[in-house]
Amino acid sequence: MDHKLPAVRGTLTAARPLDGLTWLRVGGPADWLFQPADQDDLADFLRDLPPEVPVFPMGVGSNLIVRDGGIRGVVIRLGRGFNGITCDGDTVTAGAAALDAHVARKAADAGLDLGFLRTIPGSIGGAVRMNAGCYGSYVADHLIEADCVTRDGRIVTLSPDELRLAYRHSELPEGWVITRARFRAGPGDPQQLHARMQEQLDRRDATQPVRDRSAGSTFRNPAGFSSTGRADDSHELKAWKLIEAAGLRGHRLGGAQMSEQHPNFLLNVGGATAADLEGLGELVRDRVRETSGHDLQWEVIRIGDPA
């Protein structure tokens, strides 16, 4: 990339490999990786960055396939200056780099219930961006507002209505970076909240391949909602059920595999390339379309150039 980049107080690294920053451990380098010192550093950088340079905000890489050729432009990864968590009354404020699980635990310590975040892998910025949800609760049910830096360097605050949150979806403009979010949480007894979160963790660990290299759920549920965790939960239009019905539980392509334990989890079982993983995902989509007529939509974000 032949642009002169603005001066920064944070860290700006050229040709930074990204495979070590994603849970699936695949992907080529970013032209540049920027880790801003704070929100003002990020705003100044985006204001002065030539508008034609693409920008991609990246969290902890828990829901991401970076293609083998890497990413053209600047990848922005928020770090320590963006991971604070505070509780005040019924409000929890969390930096975008704070891990969902940490926010849930800190809220519970304060007698506030954001327990649905406990089993969601990733950070708060990504949770807001994707309206993450679990066991029938979603970010949209609790979000008060989110602070963002726009692509041209302005600092703005958006309401849930402005973000247009839907199932696994928001309409955050391209190149905007979420820096902080505020949530409203109901009251609860700290001990009971922690006990319930542990039960949810145990249930997740019994049904999902949490110790394997995955990016969480690969495809959105055609039913349009996540698992409720209740005994009467319907699995008819769950992605995993359609994948299983297509005969693809455990199916492999190169170093990529659909999990034997939970067929909607795409795994790197050793030496997979991004092309293996995306290719297996597309094979699954084709087969499910043939067998059920349903067009599975990716939940995992795929970005970058092929090798």
Side-chain angles (χ1 to χ4, degrees), residues 1-16 18 21-22 29-64 66 70-86 88 91-100 102-103 122-132 139-140 143-165 169-183 301 303-304:
M1 190 171 66
D2 298 327
H3 293 91
K4 180 173 170 53
L5 268 58
V8 300
R9 288 182 287 109
T11 305
L12 189 59
T13 308
R16 174 62 159 86
L18 297 175
L21 299 181
T22 72
D31 287 343
W32 293 92
L33 177 71
F34 177 41
Q35 296 162 282
D38 52 35
Q39 183 171 258
D40 289 337
D41 190 30
L42 174 59
D44 292 344
F45 176 82
L46 289 176
R47 182 195 65 222
D48 296 336
L49 185 69
E52 65 273 15
V53 177
V55 167
F56 178 71
M58 178 180 175
V60 293
S62 61
N63 186 41
L64 184 66
V66 176
I71 296 177
R72 308 289 70 79
V74 179
V75 170
I76 293 173
R77 196 166 196 254
L78 306 183
R80 284 186 193 160
F82 298 86
N83 64 359
I85 305 167
T86 58
D88 183 17
T91 302
V92 179
T93 302
L99 295 178
D100 301 332
H102 291 179
V103 175
S123 55
I124 287 296
V128 173
R129 168 73 180 79
M130 290 295 288
N131 186 26
V139 163
L143 185 67
I144 300 169
E145 60 189 16
D147 295 340
C148 309
V149 179
T150 68
R151 177 59 185 83
D152 58 359
R154 292 173 294 118
I155 297 171
V156 301
T157 300
L158 299 180
S159 68
D161 286 346
E162 289 170 312
L163 282 165
R164 295 182 182 272
L165 299 177
H169 175 78
S170 74
E171 292 188 10
L172 187 74
E174 196 168 336
W176 288 31
V177 183
I178 295 168
T179 57
R180 187 185 299 115
R182 277 171 283 282
F183 302 93
I301 296 166
I303 188 166

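Both backbone and side-chain heavy atoms feed into the values below; hydrogens, waters and symmetry mates do not. Remember, it's a predicted structure, so these values are computed and weren't measured experimentally.
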Mind checking salt bridge (charged side-chain N to carboxylate O under 4.0 Å, His left out) for [X] and listing every partner two or more places apart, or none if nothing turns up?
{"X": "R47", "value": "D44"}
{"X": "D38", "value": "R9"}
{"X": "R151", "value": "none"}
{"X": "D152", "value": "R154"}

### Query
Mind checking what makes side-chain contact (heavy atoms from CB on, under 4.5 Å) contact with P160, not counting sequence neighbours?
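With neighbours one apart ignored, the set is L143, L165.
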
### Task
Could I get the full list of side-chain contact (heavy atoms from CB on, under 4.5 Å) partners for I144, not counting sequence neighbours?
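side-chain contact (heavy atoms from CB on, under 4.5 Å) check on I144 returns T91, R182, R184.
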
### Message
If the condition is ring pair (Phe, Tyr, Trp, His ring centres under 6.0 Å), which residues does F82 pass it with, not counting sequence neighbours?
### Response
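By the ring pair (Phe, Tyr, Trp, His ring centres under 6.0 Å) rule, F82 matches no residue at all.
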
#### Entry: ring pair (Phe, Tyr, Trp, His ring centres under 6.0 Å) involving F183 - partner list, sequence neighbours excluded
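None.
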
### Task
Quick one: which residue pairs count as a side-chain hydrogen bond (donor to acceptor under 3.5 Å, both in side chains) with a foot in residues 49-64, not counting sequence neighbours?
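Pairs touching residues 49-64 that pass the test: H3-E52.
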
### Message
Holding to side chain to side chain donor-acceptor pair (under 3.5 Å), I want the full list of residues that pass it with H169, two or more places apart in sequence or in another chain.
### Response
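Counting only residues at least two positions away or on another chain, H169 forms no side chain to side chain donor-acceptor pair (under 3.5 Å).
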
#### Entry: Residues which pass side chain to side chain donor-acceptor pair (under 3.5 Å) with T11, listed by chain and number, not counting sequence neighbours
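Listed in chain order: nothing, the list is empty.
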
### Nearest heavy atoms of D31 and G73, plus distance in Å
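Distance-wise, the nearest heavy atoms are OD2-N, 2.9 Å.
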
